[in-house]
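Ligands are counted one by one from 1 in listed order, and the atoms in each one are counted from 1 as well.
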Amino acid sequence: MKIKYKLLAVTGFSALTIALLSIFFYLSFQSFNLAIEYFMVGLIVAFVLNTVVTILLLSNSTSGQLPRSFDDATEKLKASYFEDLEKKVSEKTKALTQRIEELDSEQQKNKEAEEKALIEEAKEKATLTGIGEGVVVTDPQGKILVFNHAAEQMTNWMASEVIGRFWFETVPAMYEKGYLIPRKDRDMYKALTTGKKVFAESIYLQKGSGKITVAVTATPIILKDRIIGAVEVFRDIGHEKEVDRMKTEFISLASHQLRTPLSAVKWFCEMLLNGDAGELNPEQKEYAQNVSDSNERMINLVNSLLNISRIESGRIVIDPKPTNITTLLSDVIKEIKIKSNAKKQQIIVSIHSDLPLINIDPQLIREVYANLLTNASKYTPPGGEISVFISKKDGELISQVSDNGYGIPKKDYDKIFQKFYRGENIIKIEPEGNGLGLYLVKAIIESSGGKIWFESIEKKGTSFYFSLPISGTQAKKGKVTLNS
Ligand code: ADP
């Protein structure tokens, strides 16, 4: 029923009740005043009743009308909310799917990278284990990070014992003379502090009481101009050293034994050529001269071999004396001039004006100048120019012997100081020679505390340089001297 009809009915019912009540009281009490009073009471009762009914009806009707519109609104709200939610969920799902895909591919990539790294590590391990040389890798302070199988075998230390310990203390090194090499002079330390590769020979003290002679290459690891560690590769050269020592001993013995018969041949040749056994005819003279020349070459070779074995075995005496280099050099030049004049070569000498006397072994250094000047003359065509410069620089005496001769082929640079090396470019031009001169020169300079190096351009010329400390060479006791 509609609300206005309900109100109408209630109002009608109330009015009727009042009217009935008023008539009833008028008839019962025959009093107009009382009827009015009861009419008023009826009116109030009707009003209250009406109000109550109206309130009830209204509350009923709102609970019937409002829910519907509210429901509608809620429905609408719900719909838009769910629509929104759905959209959001679908967006989120999409993003999540994408992220999962990304993660998956990242994971795949990581897995691949991990596998690659593992393979690399396995390769590295296999290389390090398989390698015959000892390999030690340290951090910038010299703490061991890697210690391979060969290093374990050579030092008697296990990798598990030494990783994290200091290399210099764990494996001490010793000089040949028997005293320990201080940390600052260790090859690895030099590589770590200078950033330069170091090659050397050393004696390592093994765990326990043993020793091992090793050839060492220490290389710094440099990353973005920073030294982040170093790798040392060392090789057991004990056997090589022993073979070398035996070779030297054999050469020394053989040369010594050859000297006596060679000297005899020399004397007899001289006697023959002097006509002591009667005048020789020209043909006989030529043959005797050939024998004498060949014998002389043999004597030179034997002397060179003997000198080398003396220096290599450390038996040679180094006997420094205050020496005037200018006088020493002019003596050598006098001898060289016999050959250079024959080839019409010019020798230019320039010596620093106030050189002090320097403490060197004159016999050894004379051998150096003689060798370098002989070579300069030998390996320079007739008419060429030879020059000698002696200067002082940073506490060192620098000697330079230059020529404008045949030069040294670039491909042979690293062989120049090796025993028996002779350049292909000169063998045909100058067949005489044994390739031992420069080897001996280098050995002398190094045992005198100096260095030797060269510069050369083929067909243009060569310069050999050597340095000697102005403070002088240290004396060394020994059993033999050069050419003795
Ligand atoms: P040798 O002179 O007896 O051959 P060395 O040891 O003195 O032996 O020299 C070795 C080689 O080095 C020579 O054979 C030559 O090829 C090269 N050499 C040395 N000095 C010179 C030079 N001044 N110019 C060009 N080549 C040189």
Side-chain angles (χ1 to χ4, degrees), residues 248 251 255 262 293-312 329 332-333 335-350 364-390 398-448 450-466 482-483:
T248 309
I251 290 174
S255 321
L262 287 173
D293 289 350
S294 301
N295 190 57
E296 210 50 48
R297 280 204 292 276
M298 194 95 99
I299 291 171
N300 282 339
L301 174 65
V302 165
N303 281 341
S304 296
L305 287 172
L306 260 177
N307 284 337
I308 284 170
S309 79
R310 283 167 182 148
I311 286 224
E312 280 184 342
L329 185 66
V332 178
I333 287 177
E335 285 167 30
I336 303 297
K337 276 222 161 128
I338 302 169
K339 289 172 196 155
S340 62
N341 283 345
K343 282 179 90 174
K344 300 199 164 51
Q345 290 163 334
Q346 214 190 337
I347 302 185
I348 300 162
V349 181
S350 162
L364 293 177
I365 301 305
R366 161 191 283 272
E367 189 72 25
V368 172
Y369 283 119
N371 254 296
L372 295 180
L373 280 160
T374 308
N375 281 350
S377 166
K378 229 164 113 179
Y379 304 122
T380 299
E385 196 174 276
I386 298 161
S387 41
V388 187
F389 299 107
I390 302 182
I398 313 277
S399 300
Q400 175 185 348
V401 179
S402 299
D403 63 60
N404 58 357
Y406 306 122
I408 298 161
K410 205 168 187 168
K411 68 172 177 50
D412 289 352
Y413 281 2
D414 55 339
K415 299 191 199 123
I416 203 81
F417 295 110
Q418 282 175 10
K419 269 186 223 171
F420 303 113
Y421 163 77
R422 300 213 69 219
E424 268 173 41
N425 60 328
I426 53 89
I427 283 185
K428 277 175 239 135
I429 312 169
E430 190 55 68
E432 296 266 312
N434 54 35
L436 290 171
L438 287 178
Y439 181 83
L440 182 70
V441 163
K442 186 168 188 263
I444 293 174
I445 294 298
E446 285 178 355
S447 56
S448 306
K451 283 197 189 88
I452 181 159
W453 67 101
F454 71 95
E455 284 165 2
S456 182
I457 299 175
E458 214 181 335
K459 294 186 183 127
K460 284 253 158 71
T462 305
S463 290
F464 275 90
Y465 304 83
F466 69 90
L482 219 55
N483 302 321

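Atom NZ of Lys419 has more than 12 heavy atoms from other residues, nucleotides or ligands within 6.0 Å.
Among residues two or more places apart in sequence or in another chain, the salt bridge (charged side-chain N to carboxylate O under 4.0 Å, His left out) test is passed with Lys337 by none. Listed by chain and number, the residues in a ring pair (Phe, Tyr, Trp, His ring centres under 6.0 Å) with Tyr421 amount to none (sequence neighbours excluded).
Ring centers of Phe464 and Phe454: under 6.0 Å apart, within the cut-off.
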For residues 433-442, dump all side-chain donor-acceptor pairs below 3.5 Å to protein atoms at least two apart in sequence or in another chain.
| from | atom 1 | to | atom 2 | distance (Å) |
| --- | --- | --- | --- | --- |
| Asn434 | OD1 | Leu436 | N | 2.9 |
| Tyr439 | OH | Glu312 | OE2 | 2.2 |
| Lys442 | NZ | Glu446 | OE2 | 3.3 |

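Of the possible donor and acceptor atoms, one in the side chain of Lys343 sits under 3.5 Å from a partner among the backbone N and O of Lys378.
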Can you produce the list of protein nitrogen or oxygen atoms under 3.5 Å from a nitrogen or oxygen of ligand 1, alongside each distance?
| from | atom 1 | to | atom 2 | distance (Å) |
| --- | --- | --- | --- | --- |
| ligand 1 | 2 (O) | Asn375 | OD1 | 3.1 |
| ligand 1 | 2 (O) | Tyr379 | OH | 2.6 |
| ligand 1 | 3 (O) | Asn434 | N | 3.0 |
| ligand 1 | 3 (O) | Gly435 | N | 3.2 |
| ligand 1 | 4 (O) | Tyr379 | OH | 3.1 |
| ligand 1 | 4 (O) | Arg422 | NE | 2.6 |
| ligand 1 | 4 (O) | Arg422 | NH2 | 3.4 |
| ligand 1 | 6 (O) | Gly437 | N | 3.1 |
| ligand 1 | 6 (O) | Leu438 | N | 2.8 |
| ligand 1 | 7 (O) | Asn375 | OD1 | 3.3 |
| ligand 1 | 7 (O) | Asn375 | ND2 | 2.8 |
| ligand 1 | 8 (O) | Gly435 | N | 3.3 |
| ligand 1 | 14 (O) | Tyr379 | OH | 3.4 |
| ligand 1 | 14 (O) | Arg422 | NE | 3.4 |
| ligand 1 | 16 (O) | Gly423 | N | 2.7 |
| ligand 1 | 23 (N) | Asp403 | OD2 | 2.9 |
| ligand 1 | 24 (N) | Thr462 | OG1 | 3.4 |

